[in-house]
Amino acid sequence: MTSSTPPTPAVPSPSPPSSATGAPARTARIALLRWWPLALFGVLAVLPYGTVRVPGLLDGPVGSPGSLQLLALCLVFGGLATSYDLLLGRTGLLSFGHALYFAAGLYFTDLAMLEWRLPLASAALVGIGGAAVLSVLLGAVSLRVTGIGFAMVTLAFAQAGAILVQRNPGGVTGGEEGRAAPSDLLPGSLIGIENTPNLYWIALAYLALTLAVVHWTSSSPTGRVWAGIRENERRVEVLGLRPYGFKLVALAVAGTLAGVGGVVYLLLTGGATPQAAGSDTTLSLLVMVVLGGSGTRWGPVLGGVLYTWAAHRLGDLANSSAIADLPGVLRVPLSQPLFLLGSLFVGVVYLLPGGLAKLSSRWRPIRGGLTA
């Protein structure tokens with residue numbers, strides 16, 4: 001008689017981990033990446049209520065009038081740098097006349113209130129419309145040449161505009177002194193130190209508007225043509241498209257956004273000054289874009305904020321007692337704010353090729369090596 005061995009129950013083999021288990025985590029990461037700009041703007045919107053002190057970065061609490069004034073200027077120039085990058089980084093147009101449209105929005109708005117006694121809203125429309133028309137007219141002439149010729153023509157227009165402002169034709173620009181905005185035509189909510197938060201929120205809204213317009217236009221079919229012009233303009237022509245018209249649209253959009261920035265700058269500073277029309281302003285915008293990262297979404301904002309903050313705060317550092325106590329060989333150069341600003345720019349460009357926007361991509365390999 002033979003005995004049979006009972007069959008061994010089959011043990012189910014472990015199934016490979018389902019990719020669905022990591023789906024919630026990936027979804028959460030995607031949502032975080034998609035919505036973090038809104039969270040950031042939400043934090044920036046509540047800064048006027050903040051009482052936190054940031055020693056070395058700001059003189060007082062973040063919600064103090066002096067700190068909000070500086071932060072508002074940083075936001076304005078972050079938006080201006082973003083509008084300039086629409087030309088340089090998105091379309092490949094090196095323009096030295098972008099400050100002219102910024103000054104047009106500033107001066108046209110101021111003069112509309114001073115000379116025509118228009119209220120702020122109507123005067124702002126005049127200023128923005130003047131900047132838009134000026135950008136189209138000058139762009140139509142400048143774009144007849146390309147490359148370095150285009151840069152030189154825009155520089156000539158910018159210099160002519162700066163000289164016109166300083167010569168004070170008919171007494172309308174105020175010459176080197178500029179002209180103050182009429183307080184009787186400005187809303188009471190925008191006048192006085194106690195209303196600095198309102199000006200800060202206007203500057204924040206301008207930055208959000210500029211980012212939205214630049215992102216939307218760059219993602220549109222026109223924006224894809226801009227990218228093609230930047231990479232190879234001749235290839236765009238071969239495809240049957242006229243680069244001239246697309247570049248003119250880029251100049252019009254960038255010039256209009258700069259004009260809006262001029263209106264906001266007028267509210268922040270309380271007047272129009274000829275420094276806004278100088279070529280130094282455009283060169284500063286160029287430095288901001290290169291510092292932050294040309295052709296990126298957030299690079300020009302970072303560059304504009306950092307450059308504006310440094311331009312205002314490094315002067316205090318240069319005049320501090322810590323610098324005054326140094327030996328002469330160090331005290332002399334370090335007491336010059338422009339030397340400190342230039343050193344900061346060279347350091348960032350040398351250590352971070354591609355600008356501050358490339359910092360995250362450089363940090364990932366380092367972080368991966370540390371966590372491995």
Go through it in stages, so that I can follow the logic: the residues are Ser294 and Asp85, the test is side-chain hydrogen bond (donor to acceptor under 3.5 Å, both in side chains), and I'd like the CA-CA distance, side-chain angles, deciding distance and then a yes or no. CA-CA 6 Å; Ser294 178; Asp85 190 56; 3.2 Å; yes
Count I, L, V, M, F, W, Y as connected when their side-chain heavy atoms are under 4.5 Å apart, and connections chain through other members. Are Leu114 and Leu186 then in the same cluster? no
Test side chain to side chain contact (heavy atoms under 4.5 Å, CB included) applied to Arg53 and Ser67, Pro61, Ser64, the passing residue: Pro61
For Asp110 and Leu106, indicate whether the former's side chain and the latter's backbone hold a donor-acceptor pair under 3.5 Å. no
Can you see which heavy atom on Thr222 is nearest to which on Phe246, and at what distance? CG2-CD2, 3.8 Å
Non-hydrogen side-chain atoms of Leu71 and Trp309 separated by less than 4.5 Å: no
Assigning hydrophobic clusters by single linkage (Ile, Leu, Val, Met, Phe, Trp, Tyr; side-chain heavy-atom cutoff under 4.5 Å), is Tyr200 placed with Val54? yes
Would a single hydrophobic cluster contain both Val249 and Leu209, if residues Ile, Leu, Val, Met, Phe, Trp and Tyr are joined by side-chain heavy-atom contacts under 4.5 Å? yes
Glu177, CD atom: more than 12 neighbouring heavy atoms under 6.0 Å: no
Side chain to side chain contact (heavy atoms under 4.5 Å, CB included) with His98: of Leu93, Leu87, Thr281, Leu86, only one passes, and it is Leu87
Are Asp59 and Arg313 side-chain neighbours, meaning at least one heavy-atom pair lies under 4.5 Å? yes
Closest heavy-atom contact between Ala277 and Ala162? O-CB, 3.6 Å
Val260 reachable from Leu111 in the ILVMFWY side-chain graph, under 4.5 Å edges: no
If the plane angle is over 60° it's perpendicular, under 30° parallel, otherwise tilted; pick one for Tyr49 and Trp201. tilted
Minimum heavy-atom separation for Val289 to Ala81, with atom names? CG2-O, 3.5 Å
Any side-chain heavy-atom pair of Tyr206 and Val263 under 4.5 Å: no
Is there any side chain to side chain donor-acceptor pair (under 3.5 Å) pair reaching into residues 239-249, and which pairs are they, with sequence neighbours excluded? Glu233-Lys247
Given ring pair (Phe, Tyr, Trp, His ring centres under 6.0 Å), test Tyr307 with Phe77 step by step and report yes or no. CA-CA 9 Å; Tyr307 183 94; Phe77 280 98; 8.4 Å; no
Kindly check if the number of other-residue, nucleotide or ligand heavy atoms within 6.0 Å of CD1 (Ile193) is above 12? no
